[in-house]
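Note sheet for the following structure.
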Protein chains: 2
Amino acid sequence: MQQITATELQTKAQRTKIRQNKKVLDLHAVKVACKECSLHQLCLPRSINGADLEKLDNIIERKRPLKRNEHLFQVGESFQSIYVVRSGSLKTYSPTVDGQEQVTGFHLPGELLGLDAIGKGKHPCAAKALETTSICEVPFENLESLSQELPTLQHQLLRLMSKEIFDDQELMLLLGKKTAEARLSAFLLSISLRFKQRGFSSIEFYLSMSRNDIANYLGLAVETVSRMFTRFQEDGLIEVERKHIVIKNREVMRQIAGMNECCEDDTQVN
Amino acid sequence: MQQITATELQTKAQRTKIRQNKKVLDLHAVKVACKECSLHQLCLPRSINGADLEKLDNIIERKRPLKRNEHLFQVGESFQSIYVVRSGSLKTYSPTVDGQEQVTGFHLPGELLGLDAIGKGKHPCAAKALETTSICEVPFENLESLSQELPTLQHQLLRLMSKEIFDDQELMLLLGKKTAEARLSAFLLSISLRFKQRGFSSIEFYLSMSRNDIANYLGLAVETVSRMFTRFQEDGLIEVERKHIVIKNREVMRQIAGMNECCEDDTQVN
DNA sequence: TACCAAACTTGATAAATATCAATTTTATAC
DNA sequence: GTATAAAATTGATATTTATCAAGTTTGGTA
């Protein structure tokens, strides 16, 4: 992404010119950056025109990248914005009574964070970068009032929230009913699908989260997850070396995961 | 709820008069009926005026009551409306690959159904009445365009969806991390709280769902649930006779459930 | 390069819960 | 009201996964 930096040496006229250029460049950059983003349809609904796009562009802030283990927000922090992952990844987690943490989700490029905070006005979970991660911040108040103007934006926002509910229910099913191997298999397929939807390889990828995080997320012990990785490799379902994963037999993995047909071929971007 | 029924004997003028009366009566009835409803703030935001209320009232349809085991909607059915439970209760459930069903939720008076269907435009789960149940139907298209006019309505809609996401995450935690007794305890406390929020007793209530449904929902075997009920009774935590439950020791139950502080005193209606 | 801590893996054992089987209770229909 | 089916309970056993313990690999850093 190109960036023009204004210096103290510039004249006012120069600065104005540069700012105008910057605007144009940014608008272009947004289009490119958001192409594979789950806000794609939100940012660039089919019918959106230049003026609307600019309106949206005006409310989106691009934050400095987070380093590994840095927090995007903490538990209990007041809710101000929805966040979109531009690159990298994060985990969200909540504290439990016994001082442990419960990992509630992983967030890959193009995915949203913060939707669960609208209700109470504060974040029920914390978000921590798993690697160097860059983020778009969308101040919720602005998004809400802009949605008031742009029906397609309101619709897209509701769709995304609905999808979040739907996905959570899938996970509940996983946690409630499935064996350890079904859980891990479903997890890997889910990551694979999400990479695919963003235009990355669905058969070969790096997991940015630790075995511990995976285990926590899936409601299993680390040791169990580790054993399952080993078993999957022995059975020729995957190749695994540390964080690098290659899916070798997606079909059998699907069977093990006991996946619904509805999730098999989810080619929709969101 | 008062109801004036037009008969064939009435003159046109009489009918017109009655219809006008009915409108007035209905507006009043809505206020009363929605008072304890999770759409309360949605239907009657503080600042709402008569005209707005009428607009909302105009889009809400009241369906004939469902009998026990009747479906409100089926899996895969095209999504048209959000539903609100007026009285009675329902369960939602999805089919799983192995022909089983997974219960994804129970819906008590004042609660919503259908929010998970917005994303894909069709219902990912089915909804079945657990007892005689009456329902408000809110056509989504109308709700969406009305939200476009009424910012408070849009806001409330987003809040409710966010709450749904938040609640699902709580349940995920339950399913992933907790023991059988923690799950059942949390379940009973959740039902208790929801009754309380609707103005019913929180210490004594009837469960409309079977042990099987509870077990399914909590990711346990029926036998385990049954044993836990027995144990809770032996330990003096509850009194249980079939579907009738009395909470005897909420504090210990909370400890067993390992509940977060955040959920303890959730006095908000939604 | 070598060291250290963290992450991961592997094995043995224990605990929780599912499954199977039998019985009792309750609900529904005739 | 009785017959029959469905739901719920209880006990015995099997299975899965957690826990405990030990060792290995990896990545960061002095």
Side-chain angles (χ1 to χ4, degrees), chain A residues 67-69 91 96 98 100-103 128 130-132 174-188 206-235 238-245 256 258, chain B residues 67-70 91 96 98 100-103 128-132 174-188 206-235 238-245 256 258:
Chain A
K67 286 202 281 279
R68 186 169 135 83
N69 289 329
K91 68 171 176 182
T96 62
D98 47 349
Q100 304 284 69
E101 60 182 50
Q102 162 71 28
V103 175
K128 189 195 259 186
L130 294 167
E131 57 194 313
T132 304
L174 196 74
L175 293 173
K177 286 257 176 315
K178 305 284 182 70
T179 62
E181 65 174 1
R183 294 185 202 191
L184 185 60
S185 186
F187 170 75
L188 292 173
Y206 282 86
L207 296 173
S208 57
M209 66 294 290
S210 69
R211 299 282 193 269
N212 233 310
D213 285 338
I214 296 172
N216 189 310
Y217 178 66
L218 296 177
L220 298 169
V222 208
E223 295 93 331
T224 305
V225 168
S226 187
R227 280 185 251 270
M228 291 301 148
F229 269 113
T230 307
R231 188 193 297 177
F232 283 0
Q233 169 135 279
E234 283 167 2
D235 295 353
I238 61 174
E239 261 172 34
V240 51
E241 198 197 338
R242 204 74 173 161
K243 296 190 179 299
H244 180 239
I245 305 287
I256 290 173
Chain B
K67 287 201 279 277
R68 185 170 136 82
N69 289 329
E70 262 190 294
K91 69 171 174 181
T96 62
D98 48 347
Q100 305 282 70
E101 60 183 50
Q102 162 71 29
V103 175
K128 189 195 260 187
L130 295 166
E131 58 195 310
T132 304
L174 198 73
L175 294 173
K177 287 257 176 315
K178 305 285 182 71
T179 62
E181 64 175 0
R183 295 185 202 190
L184 185 60
S185 186
F187 170 75
L188 292 172
Y206 283 85
L207 296 172
S208 56
M209 66 294 289
S210 70
R211 298 283 193 269
N212 234 307
D213 286 336
I214 296 172
N216 190 309
Y217 178 66
L218 295 177
L220 299 169
V222 207
E223 294 93 330
T224 305
V225 169
S226 188
R227 280 184 251 270
M228 291 301 148
F229 269 113
T230 308
R231 188 193 296 178
F232 283 180
Q233 169 136 280
E234 284 168 2
D235 296 352
I238 60 175
E239 261 172 33
V240 50
E241 199 196 337
R242 203 75 174 161
K243 296 189 179 301
H244 180 238
I245 304 287
I256 289 173

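The basis for the numbers below is simple: all heavy atoms, side chains too, and nothing from hydrogens, waters or symmetry mates.
A:S210 comes within 4.0 angstrom of the backbone, heavy atoms only, and of no base.
Distance, A:L175 CG to D:dT17 C1': 15 Å, rounded to whole Å. Separating the NE2 atom of A:H244 from the P atom of D:dT25 is a distance of 21 Å, rounded to the nearest angstrom. Put simply, CE on A:M228 is 8 Å from C1' on D:dT17, counting in whole angstrom units. Going from atom CG of A:L218 over to atom P of D:dT17 covers 12 Å, rounded to whole Å. For B:R211 and D:dT10, the CZ to P distance is 10 Å, given to the nearest whole Å.
Among all heavy-atom pairs drawn from B:D213 and B:K91, the shortest one is OD1-NZ, 2.9 Å. Of all non-hydrogen atoms in B:E131 and B:S208, the two that sit nearest each other are OE2-CB, 3.4 Å. The nearest pair of heavy atoms linking A:E101 to B:K177 is O-CE, 4.0 Å. Closest non-hydrogen pair, B:A182 versus B:I256, comes out as CB-O, 3.3 Å.
Rounding to the nearest 0.5 Å places CZ of B:R211 at 13.5 Å from CE of B:M228. Taking CZ of A:R242 as the start and OG of A:S210 as the end, the distance is 10.0 Å to the nearest 0.5 Å. The line from CG of B:L207 to CZ of B:F187 is 5.5 Å long, rounded to the nearest 0.5 Å.
In terms of phosphate contacts, B:T230 brings a side-chain nitrogen or oxygen within less than 4.0 Å of OP1 or OP2 of D:dT10. For D:dT26, the OP1/OP2 oxygens have no side-chain nitrogen or oxygen of A:K243 closer than 4.0 Å.
Contacts between chain A and DNA chain C, taken as any atom within less than 4.0 angstrom of a protein heavy atom, begin and end at C:dC8 to C:dA12.
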Report all interatomic pairs (protein N or O, nucleotide N or O of nucleotides 18-22 of chain D) with separations under 3.5 Å.
residue	atom	partner	partner atom	Å
D:dA18	OP1	A:G219	O	3.4
D:dA18	OP1	A:A221	N	3.2
D:dA18	OP2	A:A221	N	3.3
D:dA18	OP2	A:T224	OG1	2.3
D:dT19	O4	A:R227	NH2	2.9
D:dC20	N4	A:E223	OE2	3.0

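DNA chain D is contacted by both B:R242 and A:R68; B:R242 maps to the nucleotide lying nearer its 5′ end (nearest heavy atom per residue).
A heavy-atom distance below 4.5 Å is not found between the side chains of B:T224 and B:L218. Using a 4.5 Å heavy-atom threshold, the side chains of A:V103 and A:N212 count as separate.
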